[in-house]
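One structure below.
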Number of protein chains: 2
Amino acid sequence: MITNMESIKNTLQVKGIKPTYVRLKILDYLERNRFHPTAEEIFKSLEKKVPTLSRTSVYNTLNIFKEKGLLNPLFITGSEVHFDRNTTPHHHFFCKECKKIIDLNIECAYFKEGDVEGHKITELHGYFKGICKDCLKKGATNGYHNSI
Amino acid sequence: MITNMESIKNTLQVKGIKPTYVRLKILDYLERNRFHPTAEEIFKSLEKKVPTLSRTSVYNTLNIFKEKGLLNPLFITGSEVHFDRNTTPHHHFFCKECKKIIDLNIECAYFKEGDVEGHKITELHGYFKGICKDCLKKGATNGYHNSI
DNA sequence: TTATAGAATTATAATGATTACAAATATGGA
DNA sequence: TCCATATTTGTAATCATTATAATTCTATAA
Ligand SMILES: [Mn+2]
Ligand SMILES: [Mn+2]
Ligand SMILES: [Zn+2]
Ligand SMILES: [Zn+2]
């Protein structure tokens, strides 16, 4: 039986990336943590288990993964970049209340078509912002009060 | 007849923003330059006519305009923020070849509806990337060669 | 096994966009 | 005119990210 670490190793090799310890750890983290983490979040979490890890390695590795198509960057917040191991085109929802980035399963006809208004599309970023389902249930209205 | 500067002054007053010289100049610039400029581009251009202008004032003013709904920030490139005086919801196309940000006139059913998958939408960012119509005509393929 | 070249990782410095802060200046009413 | 307040400015600080060069690892040939 192929263990999880072996399949991660294979994923790297298929993409022509040498499966080093640091790269395995970062890809493993991304596979297990699908909340669209930032470079800093990845670093902070892996630091505990890999004390020699450097922020530079995290950034380098993420850039390699990006180039090889193992992940997509999200520019949804306007400050840090978030990383998405799921490279299947999909949209995102950013909750202004709980700050979660939620995957959406809606589809885009233009992207499927490959072009919009004559321009050739190679990349799609669909970012919705507002209040997520859960926060709505809790009565959130993002700053403004709800009461009568 | 109402001059352009007077209508800009009025726009500010309607939004409850005191129409100072700096603010008038920046809003006037945004009205006349619809290519989605960055703070730096606005500063560089206005600096010539307003030599005392500071970068800080440009950033402050843009933040005020954003808060009051006079413009929308675009996080399309992942580096600098671009500003859009057109606050009507619309999508954008970023050309990887000529770096232009082009307005798209496609519409989003979910945004019109006001929610996606149960989440309440207040903001929409639709960013397509690829090669624009004009660059395609010129034979651009963004890095990779076209020949047989 | 050991030497060694090349790749990966690290620590540190640098960069670039943006914000924080406090001093200087302008503005509008008493 | 004088003064309180808002605006603008210059400068320093911050934050995410990249650049650079030194260090460490790794694979392989002698
Ligand atoms: Mn996602
Ligand atoms: Mn636009
Ligand atoms: Zn939420
Ligand atoms: Zn183009």
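A, B, ... follow the sequence lines: proteins, then strands. Residue 1 opens every chain. Hydrogens, waters and symmetry mates are skipped; everything else that's a heavy atom, side chains included, is used.
- Taking atom NZ of residue B:K25 and atom P of nucleotide D:dT8, one finds them 14 Å apart after rounding to whole Å.
- The CG-P distance, from B:L62 to D:dT7, rounds to 16 Å in whole Å.
- One finds a side-chain N or O of A:Y59 lying less than 4.0 angstrom from the OP1 or OP2 phosphate oxygen of D:dT17.
- Residue contacts shown for B:N60 include a base, since a base heavy atom lies under 4.0 Å away.
- Under 3.5 Å, the side chains of A:S54 and A:T56 contain no donor-acceptor pair of N or O atoms.
- Between the side chain of B:T56 and the base of D:dT11, at least one donor-acceptor pair of N or O atoms lies under 3.5 Å.
- The aromatic ring centres of B:H125 and B:F75 sit less than 6.0 Å apart.
- Looking at which nucleotide of DNA chain D each of A:N63 and B:R23 is closest to, the 5′-most match is held by B:R23.
- With DNA chain C read from its 5' end, the first of the two nearest nucleotides for B:R55 and A:V22 is the one closest to A:V22.
- For B:T20, no side-chain nitrogen or oxygen approaches OP1 or OP2 of C:dA26 to under 4.0 Å.
- Counting to the nearest Å, the P atom of D:dC15 and the NZ atom of A:K44 are 12 Å from each other.
- Among the heavy atoms of the strands, none lies under 4.0 Å from B:T38.
- Residue B:S54 has its side chain nearest to D:dT9 when only D:dT9, C:dT10, C:dA8 are considered.
- Nucleic acid contact class of B:S57 (heavy atoms, under 4.0 Å, all strands): base.
- Ring centroid separation for the pair B:H36 and B:H92 comes in under the 6.0 Å cut-off.
- Taking 4.5 Å as the limit, some side-chain heavy atom of A:I17 sits within range of a side-chain heavy atom of A:F65.
- To the nearest angstrom, C1' of C:dG6 lies 8 Å from NZ of A:K18.
- Distance B:F75 CZ to D:dT17 C1': 18 Å, rounded to the nearest Å.
- Between the CD atom of A:E41 and the P atom of D:dT17 there is a distance of 11 Å, rounded to whole Å.
- B:E47 places its CD atom 17 Å from the P atom of D:dT8, with the value rounded to the nearest Å.
- For A:Y21 and C:dT10, the OH to P distance is 11 Å, given to the nearest whole Å.
- Each of C:dT9, D:dT17, D:dT9 was ranked by its minimum atom distance to the side chain of B:L53; first place goes to D:dT9.
- The side chain of B:S79 contributes no N or O atom lying less than 4.0 Å from OP1 or OP2 of D:dT17.
- Minimum interatomic distance between A:L136 and B:G118 (heavy atoms only, all atoms of both residues): CD1-O, 3.5 Å.
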